[in-house]
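Here the structure comes first, spelled out in structure tokens, and everything after it is commentary.
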Amino acid sequence: MLTRRFQYIVEQGDTLFGIALKFNVPLQTLIEINNLTDPDYLDVGQIVEIPVSEEFYQIVQLVERQCKKQTAPVNNDNVTVTREEIDEPQFINDIIYKRHRVRRGDTVYLLAKEYGTTTGNIMQLNPQITDVRNIQIGSILTIPIPPENSFIYVVRPGDTVYRIAQSNGLTVEDIMKYNYIESDYTLYPGQQLVIIKK
């Protein structure tokens with residue numbers, strides 16, 4: 001359930017449709033929440049409020065702290081985070097969230113393979129990435145590292161979140177939680193999902 005909001009600062013090249021895709025939020029919802037009269041026009045630096053679930057909100061706050069972005073949370077007291085806290089791997093729902101400083105030759109695909117996660121999950125946690133093949137050397141990314149009892153599932157034609165959950169002894173909420181997706185998310189063949197066995 002989308003009960004929280006955070007503020008996203010529009011960057012060069014952003015579109016409202018692209019922002020909606022990044023955060024799996026219906027375009028119309030963004031238009032209504034932000035009272036946008038012309039959704040085709042965004043200013044660089046403009047603030048767009050994004051509705052998210054409580055769980056995703058907590059992850060977003062972690063990402064914001066780790067990347068030291070200037071986005072201010074909505075309806076939340078500012079939290080002082082020390083340098084030591086930023087450098088420490090952190091845990092949410094049995095997943096380790098680690099900072100990774102981008103090296104020459106890194107791509108989202110290679111990082112996903114290195115850390116045992118999916119490109120989709122890395123993209124969801126690092127909306128500043130605009131090109132999966134070209135990420136800025138020296139930039140800091142937040143990487144979700146699943147536990148050892150996990151594997152990558154490749155979506156097949158006809159799959160649904162419910163069917164995948166049922167065949168792996170999980171709940172729909174589990175699949176959504178570990179892949180940062182909402183209930184109205186549409187799967188596509190070839191997409192990768194993290195499955196964490198209980």
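Here the structure is a predicted model, which means the values were calculated and not measured.
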Pairwise side-chain contact, Val161 with Ile181, heavy-atom cut-off 4.5 Å (strictly under)
yes
For residues 102-112, run the donor-acceptor check on the side chains, cut-off 3.5 Å, and write out each pair with its distance to 0.1 Å, sequence neighbours left out.
{"unit_1": "Arg103", "atom_1": "NE", "unit_2": "Asp106", "atom_2": "OD2", "d": "3.4"}
{"unit_1": "Arg103", "atom_1": "NH2", "unit_2": "Asp106", "atom_2": "OD1", "d": "3.4"}
{"unit_1": "Arg103", "atom_1": "NH2", "unit_2": "Glu114", "atom_2": "OE1", "d": "3.0"}
{"unit_1": "Asp106", "atom_1": "OD2", "unit_2": "His100", "atom_2": "NE2", "d": "2.8"}
{"unit_1": "Asp106", "atom_1": "OD2", "unit_2": "Arg103", "atom_2": "N", "d": "2.7"}
{"unit_1": "Thr107", "atom_1": "OG1", "unit_2": "Leu110", "atom_2": "N", "d": "3.1"}

Using a 6.0 Å cut-off, check whether atom NZ of Lys113 has over 12 heavy atoms from anything other than its own residue.
no
Would you check if Ile47 and Val10 make a side-chain contact, meaning some heavy-atom pair closer than 4.5 Å?
no
Separation between CD (Glu11) and CD (Gln46), nearest 0.5 Å, reads 13.0 Å
Between Pro146 and Ser150, the two heavy atoms sitting closest are CB-OG, 3.3 Å
Has Asn34 got a side-chain atom pairing as donor or acceptor with Glu49's backbone, closer than 3.5 angstrom?
yes
When you compare the side chains of Asp14 and Tyr8, does any donor N or O come within less than 3.5 Å of an acceptor on the partner?
yes
Applying a strict under-4.5 Å side-chain criterion to I, L, V, M, F, W and Y, I'd like to know whether Ile33 and Ile31 cluster together.
no
Leu187 vs Ile164, side chain to side chain contact (heavy atoms under 4.5 Å, CB included): CA-CA, chis, key distance, verdict:
CA-CA 11 Å; Leu187 299 180; Ile164 295 169; 3.7 Å; yes
Do Leu125 and Tyr180 have side-chain heavy atoms sitting under 4.5 Å apart?
yes
According to a 4.5 Å side-chain heavy-atom criterion applied to Ile, Leu, Val, Met, Phe, Trp and Tyr, with indirect links allowed, do Ile137 and Ile140 form part of one hydrophobic cluster?
no
Any side-chain heavy-atom pair from Asp174 and Ile195 closer than 4.5 angstrom?
no
Can you tell me which residue pairs pass the ring pair (Phe, Tyr, Trp, His ring centres under 6.0 Å) test with a partner in residues 129-150, sequence neighbours excluded?
none
At their closest point, which heavy atom of Pro157 faces which heavy atom of Pro189, and how far apart are they?
CA-CG, 4.0 Å
Cluster check Tyr188, Val154: I/L/V/M/F/W/Y, side chain < 4.5 angstrom:
no
Cluster link Leu27 to Leu36, ILVMFWY, side chain under 4.5 Å
yes
Taking the side chain as every heavy atom from C-beta outward, state whether Phe151 and Asn168 have any atom pair closer than 4.5 Å.
yes
Ile175 and Leu193, any side-chain heavy atoms less than 4.5 Å apart:
yes
Run the numbers on Leu16 and Asp40 for side chain to side chain contact (heavy atoms under 4.5 Å, CB included), then give the verdict.
CA-CA 7 Å; Leu16 195 65; Asp40 294 327; over 6 Å; no
Could you go step by step and tell me if Tyr153 and Val194 meet the side chain to side chain contact (heavy atoms under 4.5 Å, CB included) rule?
CA-CA 6 Å; Tyr153 177 85; Val194 171; over 6 Å; no
Please tell me if the side chains of Leu141 and Ile129 come closer than 4.5 Å, counting only heavy atoms from C-beta onward.
yes
Report yes if some heavy atom in the side chain of Pro51 is under 4.5 Å from a heavy atom in the side chain of Leu30; otherwise report no.
yes
